[in-house]
J.: 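Structure provided below as structure tokens; questions to follow.
Whatever order the structure lists them in is the order used to number ligands and atoms, beginning at 1.
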Amino acid sequence: MSEDSREPVFLRACQGKSVPYTPVWLMRQAGRYQPEYRAIREKVSFLELCKTPDLAAEVTVMAVEQLGVDAGIIFADILLVLEPMGLPISFPKDEGPQIERPITDAASIDALVGEIDVASLSFTCDAIRKFRTALPRKPVIGFAGAPFTLASYAIEGGGSKNYTKTKALMYSDEGAFRALMEKLTEATSRFLNAQIEAGAQVVQLFDSWAGALAPGDYRRYVLPHMKRLVASIPKKTPLITFGTGTGGFLEQLGASGASVVGIDWRVELGEARRRLPGKVLQGNLDPLVLFGPRSEVKRRVDEILAAMDGAPGHIFNLGHGILPGTPVEMVKALVSMVHEGSLR
Ligand code: CP3
């Protein structure tokens, strides 16, 4: 076998190369829908799980082995990077994440550290090394939050519906907002580069809440930072940029320089293909379809595969993360349907 054909299918697809079948992994593939994950969480808190490399690697490996997916995504959280920047976080039981002292003004942004010491996030890098040792044939994806989504948590103090405080700061003090985005970009770049050095072969940026923005606001307040962030990652490492509700400005996600663009279910994959010629695409099954019957899952998988028409440069995924309560059997069935349905 040639060296090239031994390259994992997921890595080949990220580069737009021909593949024997469409690779698949699922956002939040390690999580509360799994009884084994819930059992571990009865013993340790979510933050302890993230910060204990043996456990973080274990849940990452467990998801890959249980589902038969083509890549692991290292178990961590996008908010971890905020701690070394000077923003302690917590995950109260049954509530969303909380930032203890949210950003309020230019002075609190001045106090933040952009040039973080990545040694303070070494648990994620150690977990990546452990994953590579445990499953040397499976690629592992490193990840971070994209600056806008991180800014929204830092300013709102947690999840948000309308992003009132974030947009108020963005519109009323553009300089302060830019300073915040620059610090988040610097910290994120350092964290992603450290994950790559530890062995992550691909990285994904989660801009989960970018869809809250008007296209013009994304262009003005976000895109320049995304471009700098993407440019700070080694060219040989594929970078996936993912957001939800981004149908109004997909072209700009492509313009960030990311090699792969994640698409949520609100856009048809065929349309995304037309709007992002030459880009590798990832997505885009509505995660809620997994609560329906197997026949519907099959129909929707076939629809997505048909939209790609056997072209290379597609990574199958959900349009957002797997939700708690999703039947594990349906998730396993989905992976098989993608592999079998896409055999070239
Ligand atoms: O398998 C994987 O995908 C890797 C693990 C992963 C987690 N968070 C674990 C997690 C990843 C990639 C993330 C990213 C993340 N974290 C995002 C972006 C992805 C997205 O869904 O849009 C966001 C917005 C966060 C912030 C965050 N972390 C929230 C909003 C929550 C609470 C929501 C919830 O589902 O309860 C978390 C907690 C979290 N992160 C959990 C997991 C498995 C649940 C924690 C638990 O075990 O109780």
J.: Which atoms from ligand 1 have a heavy atom of Met27 less than 4.0 Å away?
T.: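 Listed by number with element: 3 (O).
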J.: State if Ala30 counts as touching ligand 1 under the rule of any non-hydrogen atom under 4.0 Å.
T.: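 Distance cut 4.0 Å: Ala30 passes for ligand 1.
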J.: His320 vs Trp209 aromatic rings, parallel, tilted or perpendicular, using cut-offs 30° and 60°?
T.: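 Perpendicular.
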J.: If the cut-off is 4.0 Å to any non-hydrogen atom of Tyr37, which atoms of ligand 1 fall inside it?
T.: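 By the 4.0 Å cutoff, the relevant atoms are 43 (C), 45 (C), 46 (C), 47 (O).
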J.: Going by the atom numbers of ligand 1, which of them fall below 4.0 Å from some non-hydrogen atom of Gln29?
T.: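 By the 4.0 Å cutoff, the relevant atoms are 1 (O), 2 (C), 3 (O).
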J.: For atom 21 (O) of ligand 1, grab the closest protein heavy atom and report residue, atom and distance to one decimal in Å.
T.: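 So the nearest neighbour among protein heavy atoms is His320 NE2, 3.1 Å.
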J.: Taking the six-membered ring for Trp, are the ring centroids of His225 and Phe148 within less than 6.0 Å of each other?
T.: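 Centroid distance His225-Phe148: not below 6.0 Å, so no.
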J.: Could you list which atoms of ligand 1 come closer than 4.0 Å to a heavy atom of Pro97?
T.: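 Those of ligand 1 that fall under 4.0 Å from Pro97 are 27 (C), 29 (C), 30 (C), 31 (C), 32 (C).
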J.: At less than 4.0 angstrom from any non-hydrogen atom of Phe206, what atoms of ligand 1 do you find?
T.: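 By the 4.0 Å cutoff, the relevant atoms are 12 (C), 18 (C), 19 (C).
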J.: Would you mind listing which atoms of ligand 1 come within a distance below 4.0 Å of any non-hydrogen atom of Ala76?
T.: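 Close to Ala76: 5 (C), 6 (C), 7 (C), 8 (N), 9 (C).
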J.: State whether a side-chain donor-acceptor pair under 3.5 Å links Ser120 with Asp117.
T.: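 No donor-acceptor contact under 3.5 Å links the two side chains.
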J.: Name all residues meeting the side-chain contact (heavy atoms from CB on, under 4.5 Å) criterion together with Glu156; count only those two or more places apart in sequence or in a different chain, and write none if there are none.
T.: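 Per chain and number, Glu156 pairs via side-chain contact (heavy atoms from CB on, under 4.5 Å) with Ser160, Tyr163, Lys165, Thr166.
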J.: Name all pairs fulfilling the salt bridge (charged side-chain N to carboxylate O under 4.0 Å, His left out) condition that reach into residues 130-152, sequence neighbours left out, sorted by first residue then second.
T.: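 Residue pairs with at least one partner in residues 130-152: Asp54-Lys130.
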